[in-house]
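Values below: all heavy atoms of this structure, side chains included; hydrogens, waters and symmetry mates excluded. Order of appearance sets the numbers: ligands from 1, and atoms from 1 within every ligand. All figures in this text were calculated on a predicted structure; none of them were measured in a lab.
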Amino acid sequence: MTDPQTPASPERLRDSLVHTGRHGVPHTPTANPPVYRASTILFESLAQAQRTGPLTTTGERHATTYGTAGTTTTFALMDALCEVEGRGHATRAALVPSGLAAITTALLAFVKPGDHLLMSDSVYGPARTFASGMLARLGVNTTFFAPQASAAELQALVRDNTRVLFLESPGSYTFELHDTPALCAWARERGLVSMIDNTWATPVFARPFDWGVDVSLMALTKYWSGHSDVLMGGIVIREALWPTLWTAMRQLGLCVGGDDAWLILRGLRTADVRMRQHERSALQVAQWLQTRPEVASVLYPALPDHPQHALWKRDFLGASGLFSFELKAGTTPAQVARIVDGRRHFGIGYSWGGYESLIMAAQIGSLRTVSPWQGGPLVRLNIGLEDPVSLIEDLEQGFAAAFAA
Ligand SMILES: *Cc1c(COP(=O)(O)O)cnc(C)c1O
(Lines give C-alpha, C1' and ligand atoms only; values in the text may rest on other atoms or scores of the structure.)
Protein backbone atom coordinates (compact mmCIF):
# COMPACT_ATOMS: atom_id res chain seq x y z
CA MET A 1 0.00 0.00 0.00
CA THR A 2 1.28 3.46 -0.86
CA ASP A 3 2.11 5.69 2.03
CA PRO A 4 -0.41 8.58 1.82
CA GLN A 5 2.38 10.93 2.85
CA THR A 6 4.53 10.19 -0.23
CA PRO A 7 6.51 11.34 -2.08
CA ALA A 8 8.48 12.57 0.95
CA SER A 9 8.39 11.26 4.48
CA PRO A 10 5.35 12.13 6.60
CA GLU A 11 7.36 14.82 8.25
CA ARG A 12 8.35 16.37 4.95
CA LEU A 13 4.78 16.66 3.67
CA ARG A 14 3.75 18.26 6.93
CA ASP A 15 6.60 20.72 6.54
CA SER A 16 5.38 21.57 3.04
CA LEU A 17 1.84 22.06 4.24
CA VAL A 18 3.10 24.62 6.74
CA HIS A 19 5.54 26.49 4.49
CA THR A 20 4.10 26.26 1.01
CA GLY A 21 2.91 29.42 -0.68
CA ARG A 22 4.10 31.75 2.07
CA HIS A 23 7.60 32.79 1.16
CA GLY A 24 8.99 34.70 -1.78
CA VAL A 25 5.60 35.54 -3.25
CA PRO A 26 5.93 39.02 -4.80
CA HIS A 27 3.57 41.75 -3.66
CA THR A 28 1.11 42.37 -6.49
CA PRO A 29 0.83 46.12 -7.17
CA THR A 30 -2.97 46.26 -6.90
CA ALA A 31 -4.77 49.61 -6.84
CA ASN A 32 -6.08 48.88 -3.36
CA PRO A 33 -3.95 47.78 -0.41
CA PRO A 34 -4.18 44.04 0.20
CA VAL A 35 -6.19 42.60 3.07
CA TYR A 36 -3.87 41.39 5.78
CA ARG A 37 -5.30 38.94 8.28
CA ALA A 38 -2.88 38.57 11.11
CA SER A 39 -2.38 37.56 14.67
CA THR A 40 1.31 36.61 14.41
CA ILE A 41 3.73 38.99 12.78
CA LEU A 42 7.22 37.60 12.18
CA PHE A 43 10.45 39.26 13.28
CA GLU A 44 13.78 38.95 11.54
CA SER A 45 15.65 38.12 14.74
CA LEU A 46 15.23 37.70 18.46
CA ALA A 47 16.99 41.02 18.93
CA GLN A 48 14.37 42.76 16.77
CA ALA A 49 11.52 41.06 18.65
CA GLN A 50 12.98 42.03 22.00
CA ARG A 51 13.50 45.61 20.89
CA THR A 52 9.83 46.06 20.08
CA GLY A 53 8.12 43.73 22.58
CA PRO A 54 4.67 42.28 21.92
CA LEU A 55 2.40 45.08 23.20
CA THR A 56 4.74 47.54 24.78
CA THR A 57 5.43 49.81 21.85
CA THR A 58 4.60 53.45 22.34
CA GLY A 59 2.41 53.24 19.29
CA GLU A 60 4.82 54.59 16.70
CA ARG A 61 3.17 54.94 13.32
CA HIS A 62 3.19 51.66 11.38
CA ALA A 63 5.06 49.67 14.06
CA THR A 64 4.30 45.99 13.52
CA THR A 65 4.55 43.77 16.56
CA TYR A 66 1.41 41.69 16.80
CA GLY A 67 -1.92 41.68 14.96
CA THR A 68 -3.68 43.77 17.58
CA ALA A 69 -1.24 46.63 16.98
CA GLY A 70 -2.11 46.73 13.26
CA THR A 71 -1.13 45.61 9.80
CA THR A 72 -0.63 47.24 6.42
CA THR A 73 -4.41 47.26 5.86
CA THR A 74 -5.33 48.93 9.14
CA PHE A 75 -2.37 51.32 8.90
CA ALA A 76 -3.66 52.41 5.47
CA LEU A 77 -7.03 53.28 7.01
CA MET A 78 -5.44 55.02 10.00
CA ASP A 79 -3.38 57.19 7.64
CA ALA A 80 -6.53 58.00 5.67
CA LEU A 81 -8.31 59.06 8.86
CA CYS A 82 -5.45 61.38 9.82
CA GLU A 83 -5.33 62.88 6.35
CA VAL A 84 -9.02 63.48 5.70
CA GLU A 85 -10.34 63.99 9.24
CA GLY A 86 -7.14 65.57 10.62
CA ARG A 87 -6.91 67.94 7.61
CA GLY A 88 -3.40 69.23 8.03
CA HIS A 89 -3.34 69.08 11.84
CA ALA A 90 -0.85 66.82 13.60
CA THR A 91 -3.09 63.87 14.49
CA ARG A 92 -3.01 60.14 15.06
CA ALA A 93 -5.83 57.68 14.52
CA ALA A 94 -7.10 54.53 16.22
CA LEU A 95 -9.60 51.95 14.98
CA VAL A 96 -12.10 50.17 17.21
CA PRO A 97 -14.87 47.66 16.48
CA SER A 98 -17.83 50.08 16.49
CA GLY A 99 -18.72 53.75 16.61
CA LEU A 100 -19.90 53.31 20.17
CA ALA A 101 -16.54 51.76 21.08
CA ALA A 102 -14.85 54.91 19.71
CA ILE A 103 -16.86 56.96 22.20
CA THR A 104 -16.37 54.65 25.18
CA THR A 105 -12.65 54.09 24.52
CA ALA A 106 -11.89 57.78 24.16
CA LEU A 107 -13.79 58.58 27.36
CA LEU A 108 -12.21 55.73 29.34
CA ALA A 109 -8.76 56.81 28.22
CA PHE A 110 -9.11 60.32 29.61
CA VAL A 111 -11.04 59.99 32.88
CA LYS A 112 -10.28 58.43 36.25
CA PRO A 113 -12.32 57.97 39.44
CA GLY A 114 -13.26 61.32 40.94
CA ASP A 115 -13.27 63.10 37.57
CA HIS A 116 -16.19 65.02 36.13
CA LEU A 117 -17.47 65.07 32.55
CA LEU A 118 -19.52 67.70 30.72
CA MET A 119 -21.72 66.09 28.06
CA SER A 120 -24.24 67.57 25.67
CA ASP A 121 -27.84 66.58 26.33
CA SER A 122 -28.33 65.75 22.64
CA VAL A 123 -25.63 63.08 22.23
CA TYR A 124 -26.16 59.66 20.72
CA GLY A 125 -28.22 57.75 23.33
CA PRO A 126 -25.72 54.95 24.08
CA ALA A 127 -22.98 57.56 24.75
CA ARG A 128 -25.21 58.97 27.44
CA THR A 129 -25.96 55.50 28.83
CA PHE A 130 -22.22 54.81 29.07
CA ALA A 131 -21.67 58.05 31.00
CA SER A 132 -24.51 57.50 33.44
CA GLY A 133 -23.86 53.74 33.62
CA MET A 134 -20.30 52.47 33.52
CA LEU A 135 -18.56 55.81 34.04
CA ALA A 136 -20.76 56.54 37.07
CA ARG A 137 -19.89 53.08 38.43
CA LEU A 138 -16.20 53.94 38.02
CA GLY A 139 -16.68 57.13 40.02
CA VAL A 140 -16.89 59.61 37.15
CA ASN A 141 -19.80 62.05 37.37
CA THR A 142 -21.44 63.61 34.36
CA THR A 143 -23.31 66.88 34.03
CA PHE A 144 -25.45 67.20 30.92
CA PHE A 145 -25.90 70.61 29.34
CA ALA A 146 -28.33 72.04 26.78
CA PRO A 147 -26.78 71.69 23.32
CA GLN A 148 -27.05 75.40 22.56
CA ALA A 149 -25.24 76.36 25.80
CA SER A 150 -22.64 79.10 25.51
CA ALA A 151 -19.16 78.96 27.00
CA ALA A 152 -20.40 81.27 29.78
CA GLU A 153 -23.15 78.79 30.60
CA LEU A 154 -20.62 75.94 30.68
CA GLN A 155 -18.45 78.03 32.95
CA ALA A 156 -21.28 77.84 35.49
CA LEU A 157 -21.27 74.01 35.31
CA VAL A 158 -17.55 73.30 35.24
CA ARG A 159 -15.82 71.99 38.35
CA ASP A 160 -12.21 71.76 39.44
CA ASN A 161 -12.25 68.05 38.57
CA THR A 162 -13.87 68.43 35.12
CA ARG A 163 -11.69 66.61 32.64
CA VAL A 164 -13.60 66.23 29.35
CA LEU A 165 -16.08 68.24 27.29
CA PHE A 166 -18.11 65.89 25.09
CA LEU A 167 -19.98 67.32 22.07
CA GLU A 168 -22.05 66.11 19.14
CA SER A 169 -23.11 68.56 16.45
CA PRO A 170 -25.75 68.36 15.15
CA GLY A 171 -27.26 66.33 17.99
CA SER A 172 -28.87 62.94 17.51
CA TYR A 173 -32.55 63.10 16.47
CA THR A 174 -33.09 66.82 17.18
CA PHE A 175 -30.20 68.35 15.20
CA GLU A 176 -29.21 71.23 17.47
CA LEU A 177 -25.76 72.68 16.76
CA HIS A 178 -23.07 73.72 19.20
CA ASP A 179 -20.97 76.81 18.79
CA THR A 180 -18.15 74.29 18.67
CA PRO A 181 -15.21 76.70 18.10
CA ALA A 182 -16.27 78.85 21.09
CA LEU A 183 -16.80 75.83 23.35
CA CYS A 184 -13.49 74.24 22.33
CA ALA A 185 -11.58 77.49 22.92
CA TRP A 186 -13.13 77.68 26.37
CA ALA A 187 -12.28 74.00 27.06
CA ARG A 188 -8.68 74.56 26.05
CA GLU A 189 -8.33 77.52 28.40
CA ARG A 190 -9.67 75.39 31.24
CA GLY A 191 -7.36 72.48 30.38
CA LEU A 192 -10.22 70.16 29.38
CA VAL A 193 -9.98 67.60 26.59
CA SER A 194 -12.68 68.39 24.01
CA MET A 195 -14.26 65.51 22.09
CA ILE A 196 -16.84 65.63 19.33
CA ASP A 197 -18.88 62.93 17.64
CA ASN A 198 -18.46 63.91 13.97
CA THR A 199 -20.39 60.97 12.49
CA TRP A 200 -23.10 63.12 10.87
CA ALA A 201 -20.96 65.59 8.96
CA THR A 202 -18.01 63.36 7.95
CA PRO A 203 -14.80 65.05 6.77
CA VAL A 204 -16.60 65.97 3.55
CA PHE A 205 -18.73 68.51 5.40
CA ALA A 206 -16.73 69.37 8.53
CA ARG A 207 -13.16 69.99 9.64
CA PRO A 208 -13.45 69.45 13.38
CA PHE A 209 -9.77 70.14 14.12
CA ASP A 210 -10.16 73.60 12.58
CA TRP A 211 -12.89 74.14 15.19
CA GLY A 212 -10.29 73.38 17.85
CA VAL A 213 -11.45 69.96 19.04
CA ASP A 214 -8.86 67.62 20.54
CA VAL A 215 -10.56 64.34 19.64
CA SER A 216 -12.91 63.58 16.74
CA LEU A 217 -14.95 60.42 17.02
CA MET A 218 -16.84 58.78 14.21
CA ALA A 219 -18.92 55.75 13.48
CA LEU A 220 -17.17 54.62 10.29
CA THR A 221 -20.13 52.25 10.20
CA LYS A 222 -22.21 55.08 8.73
CA TYR A 223 -21.09 57.25 5.80
CA TRP A 224 -17.46 56.16 5.65
CA SER A 225 -18.63 52.64 4.90
CA GLY A 226 -21.70 53.85 3.06
CA HIS A 227 -22.97 50.34 2.40
CA SER A 228 -24.53 49.16 5.67
CA ASP A 229 -22.36 46.06 5.82
CA VAL A 230 -19.58 46.76 8.30
CA LEU A 231 -19.20 48.10 11.85
CA MET A 232 -16.22 50.21 12.89
CA GLY A 233 -15.29 53.27 14.90
CA GLY A 234 -12.51 55.78 14.34
CA ILE A 235 -10.79 58.04 16.85
CA VAL A 236 -8.68 60.88 15.47
CA ILE A 237 -6.73 62.70 18.14
CA ARG A 238 -4.19 65.49 18.43
CA GLU A 239 -0.70 64.02 18.44
CA ALA A 240 0.15 65.28 21.95
CA LEU A 241 -2.74 63.25 23.42
CA TRP A 242 -1.96 60.08 21.47
CA PRO A 243 0.11 58.25 24.13
CA THR A 244 -2.81 58.40 26.58
CA LEU A 245 -5.23 56.96 24.04
CA TRP A 246 -2.79 54.36 22.80
CA THR A 247 -2.10 53.13 26.33
CA ALA A 248 -5.84 52.65 26.89
CA MET A 249 -6.22 50.87 23.53
CA ARG A 250 -3.43 48.44 24.40
CA GLN A 251 -4.74 47.79 27.90
CA LEU A 252 -8.27 47.17 26.63
CA GLY A 253 -7.04 44.97 23.76
CA LEU A 254 -9.06 46.76 21.11
CA CYS A 255 -8.38 46.20 17.43
CA VAL A 256 -10.18 45.61 14.12
CA GLY A 257 -9.79 42.98 11.40
CA GLY A 258 -8.20 43.62 8.03
CA ASP A 259 -11.31 42.67 6.05
CA ASP A 260 -13.41 45.28 7.83
CA ALA A 261 -10.75 47.97 7.52
CA TRP A 262 -10.53 47.24 3.81
CA LEU A 263 -14.30 47.68 3.41
CA ILE A 264 -14.14 51.10 5.07
CA LEU A 265 -11.26 52.13 2.80
CA ARG A 266 -13.29 51.08 -0.20
CA GLY A 267 -16.31 53.08 0.98
CA LEU A 268 -14.13 56.12 1.51
CA ARG A 269 -13.19 56.34 -2.19
CA THR A 270 -16.73 57.39 -3.11
CA ALA A 271 -17.51 59.38 0.04
CA ASP A 272 -17.42 62.80 -1.61
CA VAL A 273 -19.84 62.01 -4.44
CA ARG A 274 -22.14 60.06 -2.15
CA MET A 275 -22.27 62.84 0.44
CA ARG A 276 -23.08 65.49 -2.15
CA GLN A 277 -25.91 63.38 -3.55
CA HIS A 278 -27.22 62.62 -0.04
CA GLU A 279 -27.24 66.38 0.60
CA ARG A 280 -29.06 67.29 -2.63
CA SER A 281 -31.70 64.59 -2.14
CA ALA A 282 -32.16 65.31 1.58
CA LEU A 283 -32.70 69.00 0.87
CA GLN A 284 -35.32 68.19 -1.76
CA VAL A 285 -37.22 65.84 0.58
CA ALA A 286 -36.87 68.26 3.53
CA GLN A 287 -38.25 71.16 1.47
CA TRP A 288 -41.19 69.03 0.37
CA LEU A 289 -41.89 68.05 3.98
CA GLN A 290 -41.99 71.75 4.90
CA THR A 291 -44.96 72.19 2.53
CA ARG A 292 -46.97 69.43 4.21
CA PRO A 293 -49.81 70.44 6.52
CA GLU A 294 -49.18 67.40 8.75
CA VAL A 295 -45.62 68.54 9.52
CA ALA A 296 -44.88 71.04 12.30
CA SER A 297 -41.17 71.45 11.58
CA VAL A 298 -38.25 69.91 9.74
CA LEU A 299 -35.08 69.59 11.81
CA TYR A 300 -32.35 69.96 9.19
CA PRO A 301 -29.65 72.61 9.63
CA ALA A 302 -29.33 73.19 5.86
CA LEU A 303 -32.85 74.70 5.77
CA PRO A 304 -32.81 78.51 6.07
CA ASP A 305 -35.42 78.44 8.83
CA HIS A 306 -33.51 76.01 11.05
CA PRO A 307 -32.93 78.10 14.20
CA GLN A 308 -29.17 77.66 13.90
CA HIS A 309 -28.85 77.84 10.13
CA ALA A 310 -26.36 80.73 10.37
CA LEU A 311 -24.11 78.69 12.65
CA TRP A 312 -24.33 75.73 10.25
CA LYS A 313 -23.33 77.99 7.34
CA ARG A 314 -20.40 79.38 9.28
CA ASP A 315 -18.99 76.02 10.46
CA PHE A 316 -20.06 73.30 8.01
CA LEU A 317 -19.27 72.70 4.35
CA GLY A 318 -22.53 70.88 3.71
CA ALA A 319 -25.25 68.75 5.28
CA SER A 320 -25.55 65.00 5.15
CA GLY A 321 -28.66 62.95 4.45
CA LEU A 322 -29.93 62.37 7.99
CA PHE A 323 -32.62 64.61 9.49
CA SER A 324 -35.87 64.49 11.43
CA PHE A 325 -39.30 65.99 11.00
CA GLU A 326 -41.81 66.80 13.68
CA LEU A 327 -45.46 65.90 13.19
CA LYS A 328 -48.12 68.25 14.48
CA ALA A 329 -49.05 67.83 18.15
CA GLY A 330 -51.95 65.40 18.45
CA THR A 331 -50.63 63.00 15.78
CA THR A 332 -51.31 59.58 17.30
CA PRO A 333 -48.82 56.70 17.62
CA ALA A 334 -51.05 54.74 15.21
CA GLN A 335 -50.75 57.52 12.63
CA VAL A 336 -46.96 57.60 13.07
CA ALA A 337 -46.88 53.85 12.51
CA ARG A 338 -48.89 54.23 9.28
CA ILE A 339 -46.40 56.81 8.00
CA VAL A 340 -43.47 54.52 8.80
CA ASP A 341 -44.89 51.12 7.85
CA GLY A 342 -45.26 49.79 4.33
CA ARG A 343 -42.97 52.25 2.54
CA ARG A 344 -41.61 51.05 -0.75
CA HIS A 345 -38.20 52.70 -0.53
CA PHE A 346 -37.68 53.46 3.16
CA GLY A 347 -36.59 50.47 5.21
CA ILE A 348 -37.35 50.47 8.94
CA GLY A 349 -34.06 50.18 10.73
CA TYR A 350 -31.55 51.70 13.11
CA SER A 351 -28.23 52.96 11.89
CA TRP A 352 -27.92 55.21 8.84
CA GLY A 353 -25.34 56.53 6.39
CA GLY A 354 -25.84 53.75 3.86
CA TYR A 355 -26.94 53.98 0.24
CA GLU A 356 -30.48 52.94 1.15
CA SER A 357 -33.16 55.14 2.69
CA LEU A 358 -34.40 54.41 6.20
CA ILE A 359 -37.24 55.70 8.34
CA MET A 360 -37.59 55.47 12.11
CA ALA A 361 -39.81 57.05 14.74
CA ALA A 362 -37.74 58.65 17.50
CA GLN A 363 -38.39 57.90 21.15
CA ILE A 364 -36.36 60.54 22.90
CA GLY A 365 -38.41 60.91 26.09
CA SER A 366 -35.84 59.47 28.50
CA LEU A 367 -32.86 60.54 26.40
CA ARG A 368 -32.93 64.17 27.52
CA THR A 369 -32.68 65.52 31.03
CA VAL A 370 -31.92 69.24 30.79
CA SER A 371 -33.52 70.03 27.42
CA PRO A 372 -36.55 67.72 27.13
CA TRP A 373 -38.21 67.51 23.74
CA GLN A 374 -41.41 69.56 23.89
CA GLY A 375 -42.66 69.11 20.35
CA GLY A 376 -44.82 66.60 18.50
CA PRO A 377 -43.78 63.07 17.46
CA LEU A 378 -40.45 62.91 15.62
CA VAL A 379 -39.63 60.78 12.59
CA ARG A 380 -36.02 60.43 11.44
CA LEU A 381 -35.09 59.85 7.80
CA ASN A 382 -31.87 58.57 6.31
CA ILE A 383 -32.03 59.81 2.74
CA GLY A 384 -30.25 57.28 0.56
CA LEU A 385 -29.24 57.30 -3.09
CA GLU A 386 -32.66 56.52 -4.61
CA ASP A 387 -34.35 59.14 -6.79
CA PRO A 388 -35.65 61.80 -4.36
CA VAL A 389 -38.89 62.01 -6.37
CA SER A 390 -39.54 58.36 -5.55
CA LEU A 391 -38.81 59.03 -1.88
CA ILE A 392 -41.29 61.92 -1.84
CA GLU A 393 -43.98 59.78 -3.49
CA ASP A 394 -43.33 57.10 -0.91
CA LEU A 395 -43.74 59.51 2.01
CA GLU A 396 -46.82 61.04 0.36
CA GLN A 397 -48.42 57.58 0.42
CA GLY A 398 -47.51 57.25 4.09
CA PHE A 399 -49.20 60.54 4.90
CA ALA A 400 -52.25 59.52 2.89
CA ALA A 401 -52.45 56.22 4.79
CA ALA A 402 -52.04 57.96 8.15
CA PHE A 403 -54.41 60.84 7.68
CA ALA A 404 -57.13 59.34 5.44
CA ALA A 405 -60.43 60.75 6.63
C1 LIG B 1 -24.55 55.08 15.03
C2 LIG B 1 -23.87 56.13 15.80
C3 LIG B 1 -22.79 55.82 16.62
C4 LIG B 1 -22.37 54.39 16.88
O5 LIG B 1 -21.91 53.69 15.80
P6 LIG B 1 -21.94 52.08 15.79
O7 LIG B 1 -20.88 51.70 14.85
O8 LIG B 1 -23.33 51.70 15.35
O9 LIG B 1 -21.64 51.64 17.20
C10 LIG B 1 -22.14 56.86 17.25
N11 LIG B 1 -22.53 58.13 17.10
C12 LIG B 1 -23.58 58.46 16.33
C13 LIG B 1 -23.96 59.89 16.20
C14 LIG B 1 -24.29 57.48 15.67
O15 LIG B 1 -25.37 57.80 14.94
Return all side-chain donor-acceptor pairs below 3.5 angstrom for residues 32-43, not counting sequence neighbours, or 'none' if the list is empty.
residue, atom, partner, partner atom, Å
Arg37, NE, Asp259, OD1, 3.4
Arg37, NE, Asp259, OD2, 2.9
Arg37, NH2, Asp259, OD1, 2.8

(message) Suppose I only count heavy atoms of Ala219 and a 4.0 Å limit; which atoms of ligand 1 are within that range?
(response) 3 (C), 4 (C), 5 (O)

(message) In this structure, does ligand 1 have an atom that sits under 4.0 Å from one of the heavy atoms of Trp352?
(response) yes

(request) Examine Arg87 relative to Phe209 and say whether NZ or CZ is less than 6.0 Å from the centre of the six-membered ring and inside a 45° cone about the ring axis. (result) no

(request) Say whether Met232, considering both its backbone and side-chain N or O atoms, lies within less than 3.5 Å of an N or O atom on ligand 1. (result) no

Show me, pair by pair, the donor-acceptor contacts under 3.5 angstrom made by side chains of residues 112-119, not counting sequence neighbours?
residue, atom, partner, partner atom, Å
Lys112, NZ, Asp115, OD1, 3.1
Asp115, OD2, Lys112, N, 3.0
His116, ND1, Thr162, OG1, 2.7
His116, NE2, Thr143, OG1, 2.6

(request) Verify, without hydrogens or angle tests, whether Thr74 (side chain) and Gly70 (backbone) share a donor-acceptor contact under 3.5 angstrom. (result) no

(message) Before we go on, tell me: are the rings of Phe205 and Trp200 under 6.0 Å apart, centre to centre?
(response) no

(message) Is there a polar contact, in the sense of an N or O pair closer than 3.5 Å, between Ser172 and ligand 1?
(response) no

(request) Could you name the option among Asp197, Leu217, Val123 that has the heavy atom nearest to atom 13 (C) of ligand 1? (result) Asp197

(message) Considering both backbone and side-chain atoms of Lys222, is one of its nitrogen or oxygen atoms within less than 3.5 Å of a nitrogen or oxygen in ligand 1?
(response) yes

(request) Can you sort out which atoms of ligand 1 are near Leu100, meaning under 4.0 Å from one of its heavy atoms? (result) 4 (C), 5 (O), 6 (P), 9 (O)

(message) Just to verify, which of Tyr124, Tyr223, Tyr173 counts as forming a ring-ring contact (aromatic ring centres under 6.0 Å, His included) with Trp352?
(response) Tyr223

(message) Does only the side chain of Thr221 get under 4.0 Å from ligand 1, or the backbone, or both, or neither? Count heavy atoms.
(response) side chain

(request) Check ligand 1 against Ser98 and write out every atom of the ligand that is under 4.0 Å from a heavy-atom position of the residue. (result) 7 (O), 9 (O)

(request) Give yes if a backbone or side-chain nitrogen or oxygen of Leu231 is under 3.5 Å from a nitrogen or oxygen of ligand 1, and no if not. (result) no

(request) Could you tell me if the ring centre of Trp312 sits under 6.0 Å from that of Phe175? (result) no

(request) Classify the side-chain pair Arg380/Ser172 by whether it contains a donor and acceptor separated by less than 3.5 Å. (result) no

(message) To check your reading of the model: name the closest protein heavy atom to atom 6 (P) of ligand 1, its residue, and the distance in Å.
(response) Gly99 N, 3.3 Å

